[in-house]
Amino acid sequence: MMASSYNAKEEDGHLSGTPGPGVVGADTSKKPDNTAFKQQRLPAWQPILTAGTVLPAFFAIGVIFIPIGIGLYVTSNNIREFEIDYTGLEASSPCFNCSQSYSWNNTKPCTCSVSFTLDQAFEGNVFMYYGLSNFYQNHRRYVKSRDDRQLNGDTSALKDPSKECEPYRKNVKPIAPCGAIANSLFNDTLALYISSNGTQIEIPLSKKGIAWWTDKHVKFRNPGGNNSNLAPVFKDTTKPVNWAKPVYELDTDPENNGFINEDFIVWMRTAALPTFRKLYRIIQKKGMTPTLPRGNYTLLITYNYPVHSFEGRKRMILSTISWMGGKNPFLGIAYITVGSVCFFLGVVLFIIHHKYGNRGNSSDIPS
Amino acid sequence: MLMRENCGKSRRGKKKRVRKERKRKVWVSLWQRTMAREFGEPGGVECSKVKKRTKKKNKKENKTRIVFSNILHDHGKGRDNPNRHYANNEIKTTKYTLLSFLPKNLFEQFHRYANVYFVFIALLNFVPVVNAFQPELALAPVLFILSVTAIKDLWEDYRRHRSDKEINHMDCLVYSRRERRYVEKYWKEVHVGDFIRLRCNEILPADVLLLSSSDPDHLCHIETATLDGETNLKQRQVVRSFIDQDSDFEPSRYNSIIECEKPNNDLNRFRGYIAHGNGRRDGLYKENLLLRGCTVRNTEEAVGIVIYAGHETKAMLNNNGPRYKRSKLERQMNVDVFWCVVILLIMCLFSAIGHGLWMFQYGDQRPVFDVLSPEGTDMSPALSAIYLFLTMIIVFQVLIPISLFVSIEIVKICQVYFIHQDSDLYDEETDSPLQCRALNITEDLGQVQYIFSDKTGTLTENKMVFRRCAVAGVEYSHDANARRLATYQEIDSEEEECTSRGGTLPRRDSVTSHQSGRVVLRSQSTKSHRRTGSRAEAKRASILSKHTAFSSPMEKDITPDPQLLDKVNECSIQPLGQLTHELSDIMEFFIALTICNTVVVSSPSHPRQKVRTRFELKSPVKTIEDFIKRFTPSRLTSGSNSSSSSSLAAGRSAHKPGSESALLRLEEEQHSARRADLQSAFGPAPPAAEEGELRYEAESPDEAALVYAARAYKCSLVGRLPDQVTVELPHLGRLHFELLHTLSFDSTRKRMSVVVRHPLTDQITVYTKGADSAIMDLIRPPSSSDTKSKRQRKILYKTQNFLNLYAASGLRTLCIAKKALSEEEYGAWLNSHLQAETAIQGREELLFQSAVRLETNLHLLGATGIEDRLQDGVPETIASLRKAGLQIWVLTGDKQETAVNIAYACRLLDPEEELIILNADTQEACAVLLEESLHYIQSKFLCDFPEHTARALRDDIRALEVPPALVHRLGLVIDGRTLAYALEGSLEDRFLAVARSCRSVLCCRSTPLQKSMVVKLVRNKLKVMTLAIGDGANDVSMIQVADVGIGISGQEGMQAVMASDFTIPRFQYLQKLLLVHGHWCYSRLANMILYFFYKNAMFVALIFWYQFYSGFSGSAMIDQWYLIFFNLMFSAFPQLITGTLDKDVSAETLQDLPQLYMNGQNSEEYKPYMFWMNMIDAFYQSVVCFFIPYFAYADSDVDLFTWGTPITTLALFTILLHLSIETKTWTWLNWASIVFSVSLFFTVALCYSASCPICYPPSNPYWTMHRLLGDPLFYLLCVITPVVALLPRYFYRACQGSVFPSLIQVGRQLDKLSPESRTGMLDQRAMCGAKLPLYPFPGPLPKDYNPSAQEPHLCKRWESTKDSKQPIDQLRPGPTPQVTDSKEADLNQSVPAASRDRTPPRSEDPRSKAPALPPCNALQFDPALDSPDFKIVNWIPSSPFPQRDSVPLMPLYACDLLSARRGQGSRTPNGPDCVEAEDLGSPKEGFLTTTLL
């Protein structure tokens, strides 16, 4: 760029330096300026794509991608993941009864427990997810059905939620939180017990830090600031139709109640795909012992959430994570495959280059 | 009746109308009175006519305008002014006013269907059931596009407004009734009926009727360069009745009424009459009208009355806006836009059905995530599918690229800018760069297949140089002149510069009184006339320095032929009455050359100052009374031939009959004078003008050439006034010819005449000059068989032969003839002529007939040959254009022989190729000829044809449908008459079948209409891209008909330039314009359009795939802001840069290898299948960009937009990298634009996702991007996805570049070589005579272009199909269907080897061309030239075309063709009228017979 602008200046100077005798004519002349830009002579790089020239690129891709792929694959394989489906549609399932007696407004909670065995110990922090399948959280109208201003603690929006929340905007009183997303909040509760010598020891599950920090602290706010007593704030509102209790009773901890309840926040972040998981709890690592040692576990489920109507499935997933997130061997395999393909194509190009190589240069002038 | 021209428009109240009505009656009666007074004698008729007019007011008012003087009426603008309804002089060329801008502009923009579509979609978003985006946001792109266009329009309009203002506020002197003097007023304050005083060098503010002039001859000179570009001064005359007034014109005494035509745009017509208070009535002609925009010259002061003002002036009515053409590429693009719509609908339909099914599967149970409609109503699956269909149209709208149309416009404007800026297309000599007048067909330049060219002024310089003449049957070859011309070529240009500087200064001094004001005026005018003809204005500026049209020294200085000079001297010494016939013919010949024209004389010291040499004041005979007065019986009898001539002879009989020595001395004198002239011309400061150094300003270069030629024989034109021509003759001194009439040139008569009273014989003499075909028929046939008429017949015969010879050597021929009229004959003719002149209706027709009546029974004086030199570089340009696969047709009005020879000279025809010449007298003959030619072509080349083509050719109609057009080594020559037959419906297919199989076509003697018909025929029937190039008014129709019209800003006015799309100063620039700029523009735009389709499809398809995972709900994972601004912002700049700057091959290589042009001709950058390939690639890439993130994030806790944002990023990277693969030239701008795009995206994304935690529902991207940037997965995706997406394309490009490189790629490789090895490569190719067997149409036969001179046998071979196929395949760009082994082997061979490989078939070739040109032509020709006048040596050095040295003068006609045809016996008898013979063989035979006389 520097070079070209320099050139242009030089040429300009040349032009004005030698105006010749007809000085008067010089400024009225219509002669175009002789600059590299105007004459389309900017210095340029002109790559020509032939087998010979692109050959190194293919090999380079191969050489770079394959190790990355292997690294990713190994990393992904090192991640421990355990998944258990507790939908209970099959008669044999412990949750069969619960799944049959479905209703959103079930006052009497139905509980069931599922036992499982971990073959390998889970090191480090273990993330506990609940997973839903066939649940189209990405449906266009569903995604829209929320009021961010209300969730941000805007009192006017609390009283008069956005139209986007229709038809979950008002139920005589305005609904808080309004909208279909909030209305369909996942309300199963999961508890994990380890069977140790015949006794069931409850594993402490942390519900802090499961939502994005920015969501919890910026995007979601309770109306009325840091008021720990939320009931008066929400007094002019009503709970969503499907909810058993109002929003200010989601948790006892004031830091995790109301709109800033992390389970709620996590749910409000609509999933991209119809099969998704959402972070439920974190099992903090304690000392040197494995967070979840090998052994038998029991998952105690308070079964509230109906998925029967849309043939959905509910799962509980335990997973450790690595720097690249959860267990997913796909990227590793992809990198290895692409690297290999590039390498192979490189070889093909090499052959082509050798077969047609001499054509690549000067002798190919048409004649 | 007088003032209601605009009364329909008048919106005044009823009361006012009543008043007006009353007023009108008053005026009507006034008018009636005037009329009655005026026509006292034929009053009955006239009065009734007037009454009739009064009755039929409405009818009448459509035809004429009546202008009163504003002086008569109290208030110039008052209500009672009858002129008040005429437009005033304020011009307003703006389209909008402040108020009307918005609605009007929007209305105009919605004429574009695309805009309507986008607005419709944006509005659809406001419907809650179907809306996909925030409605306001969806409006944004549409508003953006609309406002960009609106701002552009507004800016243009503002500029118009400013320039209007400037023009409207120019000053002029208007007579003020109150102050009784002329006062300065703005132009806009001028009204119809005002008196205006014009000063020298002032620009006319309106169309003004000239009433008075300071010029003693009552003339006013104007320069019309701004209107028609003609650079010579034009004389305008004071209205006749005001000439007689002795005193100065006083506006207050003016009381006449003018009736004239309604405003029209015909610059060359003005009709009307002026009725005076005293009842006199005079006709008004265009000679009386000064047009707005012209400049007053040479006249100190003039006064006129404004007739038309403002928008009603002829200049403004002629001012049409730029033309709008749709380019071929755009038409093709529109088809694909249509396909995009189809794809869009299919995608929407698919989604809608999918949604219906998805909903259906849930049955009555509504899942929690399927939200009810906002109204809370439950929709059936079918209904929601219908709604979804509309939603999807909104979501997928980007598939129809909203910004494509705007981008194309931007890119085209940039392209036009760069074409403008190319210094190679700038002509130093005339200071004229290339001009694009049509902004939107730049890429058509790269796709032209047929070029239709004018000859004169286009291929040739239109600098006419007198070369030779024949007088009284004797040829004077002017050898010295020919030698002089040869040396002039180099010094030509410098000299012009020298003289120009000398000439400019005094002219500036002539600006006298209003010096300062004038200067301002001038600078303003330079700007102000940009619109009416910026080009013309520029020219005028350049002319100020050149100041004389058509008078380069080359044209001025003619070395006389000694033989003829002797004779001239001889006849000037002898008394006139005793001259031999020959000598008197010579005398008359030169007199005719001198006076039979419209040349104006000026002297160089005062370039625009007319030379005054009046000796007698006499107005031309214009009225019957005049005639009766001046041609009294006494005078008629007194003017006897002998008496006057003898008296004159006595007056100059001091000279004795010339002796040998005297003549020699004279000659010496002359030569030394000539040398002195030359020296002075080269000297730094030209000496003060001598008397002999008069300048001639002619309307056409021929005229000037002839006048200069006559001057060389001391027979010089000294002055010209409307009624008198002054000529200086050797030894006779100045003679004043009373100019009675000038019958001006027209293209139907093809001649002009002057009627003068000969001062020596006092006879009324008609001198006629014109095309030989026109004159020769009018020559009085020698009736009796006495010696005189025998001689006469011989002269005729010989002259005809000389004419043929002149034409054969490429000269323009003119015949000069005269006729002496008796007073009685003249009187009879004059009577009818005057009637014709005063007629208002059908005057042209009457004048034409009148002229035809006069120009009969002429006496032939002689013939002239004028050379029109080829422009620089024309043969090379034609050769290279032809190599580029362009078919070049020349359409000319010239004679066949002249045209054929010029065609040889510019290598349009090749001496080695055969000519088919079609000259037919009747429709039937034409049909037979065409049939025969077809048969001939067929039989000649049948052996080489593959069976199907041969069959197709047999049926010529079907041949048109067969795509491969076989272009043979044939030239077709057809004359105008035959062309007229051939263009008739029944024959046009046959004509085309013949014409398209010929390599070059030459249409001679064609009229402008025929030119355009030919272009139209070829364009419509062959469905090819046509380009027409010309410089004159006769080319306008053809330029307008062709797809691309190119005007040459030459010497012949501006009409062609005004009508053209592009204007180039010289023909040779066509090469770079087409081969380089055309190619670039085409390939840039084609690639950009394809890329646009790809880009949008790729982006939209991402969302389409997502529908499968979102229940076909119309959900988008891409944030709507990204979705909408992706095209507009993030990915817009790189493609614009590439679309503007990308060069696939360098300019040098494109010019060195014209074959590369075929790339565009065959639309190889953008073929229909490429659209689909691009679509498939787009869908593949979108699949990759969608599914890699899909699998990478499958079953994870990723949320919708945290997943969508990486996809957007990936798509952006992929799209940019895709462009990188397609970009051939990387300048810093390309790099910058890509870096800019990426950084813009990230900047916007980061700002956007940090800006507001609660905004932008539903995506609410708060902190999304920041989080992503901390996620290693994001980077891993960014690396792998573009690689996978672009792998196939990249691999394909690499393989294509290696295995089957297109010609373009080969050209690019050539670019990479060092300059030396490149030229070496190209030379080597040229040296080994290897021809590029590339054809515009894929056909089995090689066209075998351009055989090298060293291997003449090469051109005679026709390769057999099999052999010729190899080189075609090898070089045909693009992938060939089958790549055979043999081809691969062939490809590996080096160039010489390859050409050697192809030599074997040559040996058997001559057979196929067995009846090749027998050498008889040349042999026959030589003896013919044996007579002293026809020595071939006489001709060769004078031949203007050095490359034809080895070629016999007469073109080698297609003997074999002729012999073939003779056998079938459809010839017309040969004879002296051989021009009309059906083949060119006969002229030669005619020539032979006559030379044997």
Side-chain angles (χ1 to χ4, degrees), chain A residues 1 29-32 34 38 40 42 44-46 48-51 54 61 136-145 148-149 152 166-167 180 184 214 218-219 269-275 277-279 309-310 323-326 330-331 334-335 338 345 349 352 356 360 362-367, chain B residues 362 365 367-369 371-372 374 376 418 421 423 426 431 433 1109-1111 1113-1115 1117 1191-1192 1195-1200 1203 1224-1228 1253-1254 1257-1258 1260 1262-1263 1272-1273 1276 1280 1283-1284 1291 1293-1295 1297-1299 1306 1308-1310 1313 1321 1325 1330 1332 1371 1390-1391 1394-1395:
Chain A
M1 176 179 174
S29 166
K30 294 191 177 149
K31 187 177 170 67
N34 187 21
K38 288 187 176 178
Q40 305 194 55
L42 285 176
W45 172 55
Q46 289 177 289
I48 298 180
L49 298 182
T50 59
V54 303
I61 292 172
Y136 287 86
Q137 240 199 340
N138 55 16
H139 189 284
R140 181 169 60 90
R141 287 199 296 274
Y142 182 85
V143 170
K144 287 199 296 187
S145 185
D148 282 314
R149 281 172 61 240
N152 195 240
E166 290 287 4
S184 59
T214 49
V218 182
K219 218 162 138 179
R269 199 160 264 282
T270 52
L273 296 166
T275 299
R277 58 175 75 170
K278 282 184 183 290
L279 191 54
S309 65
F310 51 90
W323 56 270
M324 56 164 282
F330 170 76
L331 262 188
Y335 265 87
V338 172
L345 290 180
L349 285 177
I352 291 174
Y356 300 94
S362 54
S363 65
D364 199 30
I365 311 301
S367 54
Chain B
Y362 294 111
Q365 284 188 308
V368 278
F369 43 80
V371 184
L372 298 169
F418 279 118
Q421 291 300 328
S423 57
Y426 166 81
D431 186 35
Y1109 301 95
S1110 65
S1113 61
S1115 186
M1117 70 291 193
F1191 286 117
D1195 192 21
S1196 71
D1197 59 345
V1198 73
D1199 72 284
L1200 183 53
W1203 181 66
K1224 279 108 185 174
T1225 322
W1226 288 81
T1227 63
W1228 63 268
I1254 53 165
N1260 199 337
Y1262 190 69
W1263 225 246
L1273 204 60
L1276 288 170
I1280 190 170
V1283 170
V1284 178
F1291 183 72
R1293 287 279 179 232
C1295 288
S1298 278
V1299 183
V1306 175
R1308 300 181 61 204
Q1309 283 173 354
L1310 209 65
L1313 302 176
M1321 197 73 61
R1325 189 166 57 85
L1332 283 152
L1371 293 160
S1390 66
V1391 178
S1395 61

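Lettering follows sequence order; numbering is per chain, from 1.
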### Task
Examine whether an atom of A/K38 lies under 4.5 Å from a heavy atom of chain B, and if so say whether it belongs to the side chain, the backbone or both; otherwise answer neither.
both

## Note on the structure
In terms of heavy-atom pairs under 4.5 Å with chain B, the winner among A/N152, A/V143, A/D148 is A/D148

### Summary
Here the pair of heavy atoms bringing A/S184 nearest to B/V368 is CB-CB, 4.0 Å

### Query
Rounded to the nearest 0.5 Å, what separation is found between the OH atom of B/Y1109 and the OH atom of A/Y136?
9.5 Å

### Query
By a 4.5 Å heavy-atom criterion (distance strictly below it), what part of B/V1283 contacts chain A: side chain, backbone, both, or neither?
side chain

### Query
Is any side-chain heavy atom of A/T214 closer than 4.5 Å to a side-chain heavy atom of B/P1253?
no

### Message
Would you call the rings of B/F1191 and A/F330 parallel, tilted or perpendicular, taking 30° and 60° as the class edges?
### Response
tilted

### Query
Can any side-chain N or O of A/R140 pair as donor or acceptor with the backbone N or O of B/S1113 at less than 3.5 Å?
yes

### Task
Give me the ring orientation class for A/W45 and B/W1226: parallel if the planes are under 30° apart, tilted from 30 to 60°, perpendicular past 60°.
tilted

### Message
Working to the nearest 0.5 angstrom, can you tell me the gap between B/M1117 CE and A/T270 OG1?
### Response
13.5 Å

### Query
Considering only heavy atoms, which portion of B/W1263 lies under 4.5 Å from any heavy atom of chain A: side chain, backbone, both, or neither?
both

### Query
For the residue pair A/Q46 and B/T1225, what are the closest heavy atoms and their distance?
CG-CG2, 3.8 Å

### Summary
So, the part of B/Y1262 with a heavy atom under 4.5 Å from chain A: the answer is both

### Query
What distance separates B/D1195 CG from A/T275 OG1, expressed to the nearest 0.5 Å?
6.5 Å

### Query
Side-chain contact, heavy-atom cut-off 4.5 Å: A/W323 with B/P1272?
yes

### A/I48 side, atom CD1; B/R1293 side, atom CZ - distance, nearest 0.5 Å
13.5 Å

### B/V1198 portion near chain A, given a 4.5 angstrom heavy-atom threshold
both

### Message
For the OG atom of B/S1196 and the CG atom of A/L279, what is their distance to the nearest 0.5 Å?
### Response
11.5 Å

### Query
Just by distance, do the side chain of A/T50 and the backbone of B/S1298 share a donor-acceptor pair under 3.5 Å?
no

### Query
For A/V338, is it the side chain, the backbone, both, or neither that has a heavy atom closer than 4.5 Å to a heavy atom of chain B?
side chain

### Task
Check whether any side-chain heavy atom of A/L349 sits under 4.5 Å from a side-chain heavy atom of B/F1291, and report yes or no.
yes

### Query
In Å and rounded to the nearest 0.5 Å, what is the NZ to OG distance from A/K144 to B/S1115?
10.0 Å

### Task
Please state whether the side chain, the backbone, both or neither of A/I61 comes within less than 4.5 Å of a heavy atom of chain B.
side chain

### Task
Give the member of B/G1111, B/P367, B/A1192 that has the highest number of heavy-atom pairs under 4.5 Å with chain A.
B/A1192

### Task
Examine distances only and state if a side-chain atom of A/K219 and a backbone atom of B/N1260 form a donor-acceptor pair shorter than 3.5 Å.
yes

